[in-house]
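Just so it is clear, the values below take in all heavy atoms, side chains as well, and ignore hydrogens, waters and symmetry mates.
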Amino acid sequence: GELSASRVNLLPHQILLVHDLVEMAERRMLIADEVGLGKTIETGMLLRELNARGEADRVLIVTPAGLVKNWQNELRECFRLHCSILGHDFNDYGTASWETHPWVIASIDTLKQPRRIQRLLGAPRWDLIVFDEAHHLSRTRNGKKTTTTQNYKLAEALRNHTRDLLFLSATPHQGNPFQFWSLVQLLNDQLFTSPEELGDHRGMLARVMIRRTKREVTDANGNPIFRRRQVHTERFPLAP
């Protein structure tokens with residue numbers, strides 16, 4: 001009953017995740033649930049609950065350009081949370097713009113411009129920053145050369161300008177240990193000293209990452225929501 005002030009049918013894994021996040025002393029987490037498990041809904045639930053407790057007065061959601069309106073519509077229709085879109089509802093001509101718009105959704109491509117980052121850092125700190133599709137915050141290594149994207153630099157600049165930091169991504173690893181380690185470093189740079197250490201102590205990932213798969217989630221009665229995969233080998237003769 002604690003998290004029932006929404007207009008959607010909440011699932012047990014969503015309620016449990018948000019309950020755990022709310023109780024955390026430090027909310028710097030990667031939510032890596034599989035596609036289709038409702039990461040946007042979970043974020044909306046968290047925002048609603050923190051707002052009700054007076055712990056979310058300033059919120060920034062950073063997302064790919066194509067998802068900006070989706071985020072605004074879902075938060076408004078499902079949770080009665082109203083966010084302004086940068087470049088649509090207001091423009092940041094100076095630091096004051098960020099002071100007068102406490103709930104903002106912004107495209108990552110719009111936000112990562114150096115002049116905008118400086119304005120952001122000159123404004124008051126945020127209570128929570130959310131990065132959707134966080135695997136785009138990439139830093140890669142080829143031999144001795146490290147390449148850092150503008151997206152990564154944006155997150156690096158903002159991570160100390162907020163109390164809570166939330167990354168959302170169904171595919172955070174991307175098959176690249178260094179890139180995944182770099183992403184974890186943005187959340188907690190004291191946890192693993194190298195990609196190799198992360199690989200050797202994967203159990204410690206639970207301190208910064210929550211991941212649920214479709215085979216784990218159920219409805220309120222404990223019944224599986226997604227059909228179990230049935231894998232079998234099909235044998236057939238080759239034609240001439």
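Separating the CZ atom in Arg159 from the CG atom in Leu187 is a distance of 9.0 Å, to the nearest 0.5 Å. Rounding to the nearest 0.5 Å places CG of Leu191 at 11.0 Å from CE of Met209. Remark: Leu60 CG to Leu158 CG distance equals 7.0 Å, nearest 0.5 Å. If you take NE2 on His135 and CG on Asn151, they are separated by 10.5 Å, rounding to the nearest 0.5 Å. One finds the CD1 atom of Ile31 at 4.0 Å from the CD1 atom of Ile210 (value rounded to the nearest 0.5 Å). One distance of note links CH2 of Trp126 with CD1 of Ile61; it measures 10.0 Å at 0.5 Å rounding.
Side-chain N or O atoms of Arg163 include none that pairs as donor or acceptor with a backbone N or O of Ile129 at under 3.5 Å. At distances below 3.5 Å, at least one donor-acceptor pair connects side-chain atoms of Asn176 with backbone N or O atoms of Phe178. Within the 3.5 Å criterion, the main-chain N or O of Thr193 finds a donor-acceptor partner in the side chain of Glu197. In this structure a side-chain-to-backbone donor-acceptor pair under 3.5 Å is present from Lys39 to Asp33. Formation of a donor-acceptor pair under 3.5 Å by the Asn73 side chain with backbone atoms of Lys69 is found in this model. Judged by distance alone, the side chain of Thr149 and the main-chain N or O of Ser138 form a donor-acceptor pair under 3.5 Å. A donor-acceptor pair under 3.5 Å is absent between the side-chain atoms of Asn142 and the main chain of Lys145, judged by distance alone. The backbone N or O of Asn91 sits less than 3.5 Å from a side-chain atom of Ser97, completing a donor-acceptor pair.
Between Leu205 and Leu198 there is a side-chain heavy-atom pair separated by less than 4.5 Å. Looking only at side-chain heavy atoms (C-beta outward), Ile108 and Leu137 come within less than 4.5 Å of each other. A 4.5 Å side-chain heavy-atom check between Thr146 and Arg139 finds at least one atom pair inside the cut-off. A heavy-atom distance below 4.5 Å is found between the side chains of Glu34 and Arg211. The shortest distance between side-chain heavy atoms of Leu111 and Leu120 falls below 4.5 Å. With contacts defined as side-chain heavy-atom distances shorter than 4.5 Å, the pair Val130/Leu165 does not qualify. Between Leu186 and Tyr152, the closest side-chain pair of non-hydrogen atoms falls below 4.5 Å. With contacts defined as side-chain heavy-atom distances shorter than 4.5 Å, the pair Trp103/His82 does not qualify.
Between Ala56 and Asp127, the shortest heavy-atom distance links the atoms C-OD2, 3.6 Å. Between Met45 and Gln14, the shortest heavy-atom distance links the atoms CE-O, 3.7 Å. A pairwise comparison of heavy atoms in Ala134 and Phe167 identifies CB-CB, 3.6 Å as the closest pair. Heavy atoms only, all atoms of each residue included: Pro172 and Phe180 are closest at O-CD1, 3.6 Å. Shown here for His136 and Pro64, the closest heavy-atom pair between the two residues is CD2-CG, 4.4 Å. Smallest separation of non-hydrogen atoms from Pro195 and Arg141: CG-NH2, 4.3 Å.
Placement of Met24 and Leu46 within a single hydrophobic cluster is found when ILVMFWY residues are connected by side-chain heavy-atom separations under 4.5 Å, directly or transitively. Hydrophobic clustering, with ILVMFWY side chains joined whenever heavy atoms are under 4.5 angstrom apart, keeps Ile85 apart from Trp98. Residues Val184 and Leu154 fall within the same hydrophobic cluster, defined by Ile, Leu, Val, Met, Phe, Trp and Tyr side chains chained together at heavy-atom separations under 4.5 Å. Tracing side-chain contacts under 4.5 Å through hydrophobic residues (I, L, V, M, F, W, Y), one never reaches Leu67 starting from Phe131; they form parts of separate clusters. Criterion: ILVMFWY side-chain heavy atoms under 4.5 Å apart, direct or through other members. Under it, Leu86 and Leu75 are not part of a common hydrophobic cluster.
When the shell of 6.0 Å around NE2 of His173 is examined, it contains more than 12 heavy atoms from other residues, nucleotides or ligands. Within 6.0 Å of the CZ atom in Arg125, the count of heavy atoms belonging to other residues, nucleotides or ligands exceeds 12.
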Would you sort out whether Asn70 and Thr40 count as a side chain to side chain contact (heavy atoms under 4.5 Å, CB included), showing the intermediate values? CA-CA 10 Å; Asn70 291 7; Thr40 306; over 6 Å; no
Take Asp92 and Arg119, measure what salt bridge (Lys or Arg N to Asp or Glu O under 4.0 Å) needs, and give me the verdict at the end. CA-CA 8 Å; Asp92 62 331; Arg119 291 172 192 159; 3.4 Å; yes
Test Arg27 against Glu55 for salt bridge (Lys or Arg N to Asp or Glu O under 4.0 Å), laying out the working first. CA-CA 12 Å; Arg27 304 180 194 99; Glu55 295 183 38; 3.0 Å; yes
Apply the test side chain to side chain contact (heavy atoms under 4.5 Å, CB included) to residues Glu23 and Asp20: give CA-CA distance (whole Å), side-chain angles for both, the deciding distance (0.1 Å), then the verdict. CA-CA 5 Å; Glu23 295 301 316; Asp20 289 344; over 6 Å; no
Should Arg212 and Leu17 be marked as a side chain to side chain contact (heavy atoms under 4.5 Å, CB included) after you check the CA-CA gap, both sets of side-chain angles, and the distance that decides it? CA-CA 10 Å; Arg212 287 184 174 86; Leu17 182 144; 3.6 Å; yes
Determine, step by step, whether Asn51 and Arg48 satisfy the side chain to side chain donor-acceptor pair (under 3.5 Å) criterion, reporting the C-alpha distance in whole Å, the side-chain angles of both residues, the deciding distance to 0.1 Å, and the verdict. CA-CA 5 Å; Asn51 189 47; Arg48 184 77 191 174; over 6 Å; no
Evaluate side chain to side chain contact (heavy atoms under 4.5 Å, CB included) for Val68 paired with Ile105, printing each intermediate quantity in order. CA-CA 7 Å; Val68 167; Ile105 301 171; 3.9 Å; yes
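Judged by distance alone, the side chains of Glu26 and Asn188 never bring a donor and an acceptor atom under 3.5 Å apart. Checking Gln113 against Thr110 by side-chain atom types alone, no donor-acceptor pair falls below 3.5 Å.
For the side-chain contact (heavy atoms from CB on, under 4.5 Å) criterion with Leu166, the lone passing option out of Thr162, Leu168, Asp164 is Leu168. Among Thr43, Ile41, Leu47, the single residue meeting the side-chain contact (heavy atoms from CB on, under 4.5 Å) criterion with Phe79 is Ile41.
Take Arg58 and apply the salt bridge (charged side-chain N to carboxylate O under 4.0 Å, His left out) test, not counting sequence neighbours, and it matches no residue.
Relative orientation of the Phe90 and His101 rings is parallel, given thresholds of 30° and 60° on the angle between their planes.
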